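Heads up: the structure comes next, in structure tokens.
Not measured: the values here are computed from a predicted model. The figures here come from the full heavy-atom set of this structure, side chains too, leaving out hydrogens, waters and symmetry mates. In what follows, chains are A, B, ... by sequence order, proteins preceding strands, each numbered from 1.
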2 protein chains.
Amino acid sequence: MISATSENYLKTIHAIGGSEHSISLGALARALNLTPGTVTTMARQLADNGLVHYLPRRGIRLTDLGRTTAIQIIRRHRIIEVFLADTLGMPASDIHPEAEILEHAFSNHVINLLDKFLDHPAFDPHGSPIPEASGHIRTTSLKPLTQRPEGHRYLIHRFTRNDAEFTEWLATFGFTIGTTIGFHKWDRITGIVTLETAGGRRIQVGESAASSLLVE
Amino acid sequence: MISATSENYLKTIHAIGGSEHSISLGALARALNLTPGTVTTMARQLADNGLVHYLPRRGIRLTDLGRTTAIQIIRRHRIIEVFLADTLGMPASDIHPEAEILEHAFSNHVINLLDKFLDHPAFDPHGSPIPEASGHIRTTSLKPLTQRPEGHRYLIHRFTRNDAEFTEWLATFGFTIGTTIGFHKWDRITGIVTLETAGGRRIQVGESAASSLLVE
DNA sequence: TTGAGCATTTTGATGAATCAAAGTATCGCC
DNA sequence: GGCGATACTTTGATTCATCAAAATGCTCAA
Ligand SMILES: [Mn+2]
Ligand SMILES: [Mn+2]
Ligand SMILES: [Mn+2]
Ligand SMILES: [Mn+2]
């Protein structure tokens, strides 16, 4: 059995790119808020368990087993978040810390039953895709708003800026996940993007804010 | 924050009577499947945290704080069991080991929301009473059929499973509130309970169905 | 090409939870 | 009242996860 600590390492390694390429232990230590020495010790232990490839002073990278395991944890985390928000009615801003703990306690078996009960949701309440039981991650055609042509409306799928103040502000204009947003104009000189609500009202935001909206 | 290990000690102390009277560390060690030395060490630690009264060589007993904490853990455990059985459809025989882990990961806050979602169940799928959020344990002379001795007839008082199909099915055998029911046999291996109608006819149901009959 | 600066590893310590085995207290029996 | 069996505690280890601080190695800029 793998410890909650190891599971959190795997998830973090995955999150900072360690599935595709080798990452430095320093970057991992920063992401986990641990001292470098602690992470060095753990890197050796994860390697002994076949979860990462570790070359001293060169970094670590998930093995196939490590990646599969990380994706299962992410799947558990996101299904739990759907349950907390949709079934129990918790605000989306409160669910993450609870899921961070529960993800280590739910067995994959119970998670599959919960997934069925929730009717196999594809996205968590923050808009991140939920991996399938097989480990497959649905690839979508989601792109930041700023990578779409102007003058059209798009379906809002996800906010990459996970900041309650920002999403609540957007919600006051009716911009929530599942609704559409009008991309009116992007003034490249000033860096100001003009959005359009369903009612035709024009709102201006900076281009970095606009790029944190993933749309389809 | 209290560790999962401490929580399991508290629950076990409570289960073997340590809420009412002092229990020996030997009895606790046997109940927890740990060596006596381990339990001695932990007893001192629990006492330091104000959870038990510990007199060396005389035994331990829960403090008020320890009892309150134990009852919260039991509440979480039993609500989780109702969720696993009733909402996710797991067989009652499979739910306990999962609940044994999940009880340490669910916060009391989430448990209260889950309790509301489940409509404040009074008993878990094994028929044990679920403590209220206040810590109060409903005392009643009503007990689930499965907590009565076999080979007798009992007065049906209430169904804890509020499902018309089930109660209508029971009614076809004359099992309605105010009538008597024979508790013939409970096969713990298969989980099948054999009931007896007023006319002596034998009916078989699962133990979770049987435990939803509150009798006197 | 070389050393200074930074990243990484090593070393020595800590606290939690556990065990095995050695030491000690208590209780009941003679 | 003493003695032995039994119950309990202590001691010395181990594993996991962590830190602080010392040692080491790598890289880049002069
Ligand atoms: Mn999350
Ligand atoms: Mn976590
Ligand atoms: Mn149980
Ligand atoms: Mn437990």
Applying side-chain hydrogen bond (donor to acceptor under 3.5 Å, both in side chains), can you list everything that pairs with Thr68(B), at least two apart in sequence or on another chain? none
Over all atoms of both residues, closest heavy-atom pair of Pro131(B) and Ile137(B): CB-CG1, 3.9 Å
Return the set of residues passing side-chain hydrogen bond (donor to acceptor under 3.5 Å, both in side chains) with Glu207(B) (not counting sequence neighbours), or none when no residue passes. Trp186(B)
Under the ring pair (Phe, Tyr, Trp, His ring centres under 6.0 Å) definition, can you give me all pairs with a residue in residues 9-50 of chain A, not counting sequence neighbours? none
Distances under 3.5 Å between protein N/O atoms and the N/O atoms of nucleotides 17-19 of chain C, please, pair by pair.
| from | atom 1 | to | atom 2 | distance (Å) |
| --- | --- | --- | --- | --- |
| dA17(C) | OP1 | Ser3(B) | OG | 2.7 |
| dA17(C) | OP2 | Gln45(B) | OE1 | 2.6 |
| dT18(C) | OP2 | Tyr9(B) | OH | 3.4 |
| dC19(C) | OP2 | Thr35(B) | N | 3.1 |
| dC19(C) | OP2 | Thr35(B) | OG1 | 3.0 |
| dC19(C) | OP2 | Thr38(B) | OG1 | 2.7 |

Under the rule for salt bridge (charged side-chain N to carboxylate O under 4.0 Å, His left out), what residues qualify as partners of Asp48(B), not counting sequence neighbours? none
A correct 5'-to-3' footprint of nucleotides 1-8 of chain C, with B, S and - meaning base, sugar-phosphate only and no protein heavy atom under 4.0 Å, is ------BB
Qualifying residues under salt bridge (charged side-chain N to carboxylate O under 4.0 Å, His left out), relative to Lys143(B), sequence neighbours excluded: none
Asp119(A): salt bridge (charged side-chain N to carboxylate O under 4.0 Å, His left out) partners, not counting sequence neighbours: none
Looking at residues at least two apart in the chain, or sitting in another chain, which of them share a side-chain hydrogen bond (donor to acceptor under 3.5 Å, both in side chains) with Asn108(B)? Gln72(B), Arg76(B)
If you walk 5' to 3' along DNA chain D, what is the first nucleotide with an atom under 4.0 Å of a heavy atom in chain B, and what is the last? dA7(D) to dT10(D)
Non-neighbouring partners of Asn8(B) that pass side-chain hydrogen bond (donor to acceptor under 3.5 Å, both in side chains), sequence neighbours left out: His104(B)
For Glu98(A), the salt bridge (charged side-chain N to carboxylate O under 4.0 Å, His left out) test, sequence neighbours excluded, returns none
